[in-house]
Amino acid sequence: MAQTAGKAQMTSKSAAAIDKARSQGRAALIGYLPAGYPSVEETIAAGIALAENGADLIEIGIPYSDPVMDGQVIQAATTEALAKGFHVKQVFDVVAGITSKTDAAVLVMTYWNPVVRMGVDEFSRRLAEAGGAGLITPDLIPDEAAEWMEASDKYGLDRVFLVAPSSTTERMQRTVDASRGFVYAVSIMGVTGARTSVSSAAKDVVAAAHAAGAERVCVGLGVSNADQVREIAAYAEGVIVGTALVAAVRDGGVDAVAALTKDLSTGLARESAQAKDGA
Amino acid sequence: MADAPSGNADNNTAEAFLQGGSLRHAPGPYFGNYGGRWMPESLIAALDELEETFNKAKDDPEFRAQIDDLNKNYSGRPSLLTEAKRFSQHAGGVRVFLKREDLNHTGSHKINNVLGQALLAKRMGKTRVIAETGAGQHGVASATAAALMGLECVVYMGAEDCRRQALNVARMELLGAKVIPVTSGSQTLKDAINEALRDWVANVGNTHYLLGTAAGAHPFPAMVRYFHEVIGEEARAQILEQEGRLPDAVCACIGGGSNAIGIFHGFLDDPSVRIYGFEAGGDGVETGRHAATITLGKPGVLHGARSYLMQDDDGQTIESHSISAGLDYPGVGPEHSYLSDIGRVSYEPITDSEAMDAFRLLCRTEGIIPAIESSHALAGAIKVGQRLAAEDPATASEKIVIVNLSGRGDKDVATAAEWFDLLDKDSAESEIGKEGEQL
């Protein structure tokens with residue numbers, strides 16, 4: 001796989017976006033939006049607003065009938081999108097709509113069965129054609145990812161696997177080795193949803209991922225405000241915000257997304273010059 | 001099967017079986033192309049812990065002794081193997097034998113699995129178990145095991161099911177469990193599983209997820225089967241003792257498939273025994289309102305395993321339909337998908353109507369009220385018996401068919417009374433029956 005790894009280094013859109021933020025002395029901001037909520041057009045508009053107000057990467061979720069890693073806010077949004085007739089192929093319209101207007105790296109966050117159903121190769125080809133950076137896969141572990149490893153190499157896509165406070169050293173190593181672009185560190189044992197404070201486990205997970213050789217580790221789950229962003233930006237390469245943005249879409253549409261993104265991005269700056277050590 | 005990189009495994013194993021290899025004791029995580037662990041990383045450590053604990057327990061005589069003691073002195077095993085002579089006359093004249101899981105404590109096969117898993121929970125030092133339930137049978141069994149072993153128990157149940165199954169909710173609460181209505185998604189069994197998984201992710205330190213069927217992520221399919229293998233082992237020994245020979249066919253109903261995999265396991269390596277799994281055909285598979293996952297589903301991943309799945313063209317899970325709540329699940333255990341692909345087990349749909357006819361037939365010919373789930377197996381046995389008779393009418397009366405009578409039908413009396421229009425129009429029971437209440 002040495003050949004693959006070399007190619008990966010050259011083509012990762014997510015890594016490029018995170019490295020650009022790092023060169024500016026700050027962590028990267030990653031914002032999540034569910035596709036088709038409240039409509040495909042509004043998801044594209046909200047994605048553009050995210051990019052224009054400080055997000056470096058955008059994560060577009062595919063609404064799915066059985067979202068076991070999502071809390072109530074995201075469940076409600078994706079259930080509504082499905083009820084309104086969202087189809088999986090529309091996620092490529094959302095990705096293309098955002099990548100054609102912004103420089104943000106756009107990843108798709110999806111439970112695995114919709115990809116299986118379309119065909120892993122077909123899905124990957126269409127995602128690459130739409131300008132997508134790669135996939136975040138909450139219920140796919142490297143152990144089951146042979147087909148995705150092959151397709152992501154073929155189309156030059158990032159594969160973002162999750163690591164958790166419960167990951168053993170061995171699993172951490174395996175997941176870091178399999179990932180490309182960045183590693184998604186789950187901050188707590190639980191599902192998506194805003195929480196009042198960042199779990200102390202988050203810092204340990206990031207440190208373990210770094211120790212396993214990960215150059216870019218981004219923290220998600222429970223992050224909803226600039227203070228939490230600031231806390232995480234001190235030790236991780238990126239900060240992922242989901243539920244708070246979905247609630248903003250729900251309560252105030254695109255304008256609210258723009259305002260929240262602007263506020264969140266104030267927390268990204270690192271306090272010392274150590275941010276520039278490329279690790 | 002373009003999305004199955006290890007595509008040769010099926011053929012190789014099937015070939016090996018035909019050449020005298022064994023299909024028994026398949027350890028997982030894969031059954032051909034099925035099974036595996038399509039799960040969030042957060043839960044992998046817990047699955048590893050469970051797998052390790054289970055593997056050690058299996059080889060520990062003390063654990064086996066605990067299971068044997070509970071099976072004998074708490075559940076009432078071995079369950080009987082009863083010949084259904086009058087029922088047999090309607091099944092082409094072959095001899096039908098019933099494996100009486102309905103006589104177990106709590107009224108179904110479910111107790112076999114919950115006792116085993118509750119013991120494992122104790123071994124892992126967990127103080128809390130969670131479970132999903134549709135009609136309430138697995139929830140009641142889980143609450144029973146938790147009460148027996150002093151574990152806290154939380155049961156997730158679709159909000160609509162809670163309303164329809166108010167008496168089963170009361171049963172669980174009497175046994176000390178807490179029942180949480182699930183209002184997310186389609187508010188059915190699959191959503192109850194989703195909610196239980198969300199609970200497990202957040203509380204995995206002190207909590208064991210007591211999954212009720214032979215599905216889900218490894219080690220659940222192989223482990224749940226292990227606790228139900230006693231059904232097939234007993235049935236095989238009983239028919240050999242009573243009749244001196246193996247049966248010609250074995251029949252069971254399939255939802256997730258735990259009772260079926262339990263009885264099938266005893267006969268998988270007996271090539272002369274034909275094995276049949278009967279899925280819920282609901283209003284008829286042509287209507288789209290059914291739960292015939294293997295018959296009409298396509299391979300996919302749900303709740304941790306790759307298996308046949310009722311899904312639309314986008315990979316979204318489709319809601320299943322069946323008069324039997326216990327079979328009303330859009331997925332199926334991965335070992336069944338494998339046994340179907342290699343042709344060892346035949347899977348066929350049985351409609352609500354066929355199942356209810358068999359339900360009434362058993363009541364009136366044998367004095368046994370079966371669960372509506374098990375009635376699907378009875379309806380299938382009638383077809384199998386008639387086919388055997390058609391193949392060779394002269395020997396029909398010598399043929400033996402074993403049916404796994406997985407549960408008793410006390411819970412289904414109101415549904416059946418409504419189906420057969422036995423209630424006065426104005427009676428309270430009639431109102432309950434309309435709502436699908438199962439007493």
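The sequence lines fix the lettering, A, B, ..., with proteins before strands; numbering per chain opens at 1.
Against chain A, the residues from residues 199-221 of chain B that qualify, each with a non-hydrogen atom under 4.5 angstrom away, are B:Val201, B:Ala202, B:Val204 in number order.
Heavy atoms closer than 4.5 Å to chain B are found in the backbone of A:Pro138, but not in its side chain. At a 4.5 Å heavy-atom cutoff, the contact between A:Phe86 and chain B is made by backbone atoms alone. Contact of B:Ile193 with chain A is not made at all, since no heavy-atom distance falls under 4.5 Å. A:Pro165 does not touch chain B: none of its heavy atoms, backbone or side chain, sits under 4.5 Å away.
Interface summary for chain B: among A:Asn113, A:Val88, A:Thr137, the most heavy-atom pairs under 4.5 angstrom belong to A:Asn113. With chain A as partner, the option from B:Leu43, B:Asp312, B:Ile44 having the largest number of non-hydrogen pairs under 4.5 angstrom is B:Ile44. Options A:Ile62, A:Thr175, A:Val115, A:Leu162 differ in how many heavy-atom pairs under 4.5 Å they form with chain B, and the most are formed by A:Leu162. Per-residue counts of heavy-atom pairs under 4.5 Å with chain B were compared for A:Leu82, A:Asp143, A:Ile188; the largest is that of A:Leu82. Ranking A:Gln75, A:Met189, A:Glu144 against chain B, the residue ahead of the rest is A:Glu144, based on heavy-atom pairs under 4.5 Å.
Between A:Arg159 and A:Asp153 there is a salt bridge, since at least one side-chain N of the basic residue sits less than 4.0 Å from a carboxylate O of the acidic one. Ion pairing of A:Glu129 with A:Arg126 is absent here, as no side-chain N (NZ or NE/NH1/NH2) approaches a carboxylate O to less than 4.0 Å. Using a 4.0 Å cut-off between charged nitrogen and carboxylate oxygen, A:Lys84 and A:Glu80 count as a salt-bridge pair. We find that A:Glu150 and A:Lys154 are not joined by a salt bridge, their nearest charged nitrogen and carboxylate oxygen being 4.0 Å or further apart. Checked for salt-bridge contact, A:Arg216 and A:Asp158 miss the test: no charged N lies under 4.0 Å from a carboxylate O.
Identified under the side-chain hydrogen bond (donor to acceptor under 3.5 Å, both in side chains) test for residues 185-210 of chain A, with sequence neighbours left out: A:Asp70-A:Thr192, A:His210-A:Glu237.
Between the side chains of B:Gln311 and B:Thr317, no donor-acceptor pair of N or O atoms lies under 3.5 Å. No side-chain donor from either of A:Tyr64 and B:Asp314 sits under 3.5 Å from a side-chain acceptor of the other. For the residue pair B:Ser142 and B:His138, a side-chain donor N or O sits within less than 3.5 Å of a side-chain acceptor on the partner. Side chains of B:Ser184 and A:Gln72: a donor-acceptor N/O pair is absent below 3.5 angstrom, by distance only.
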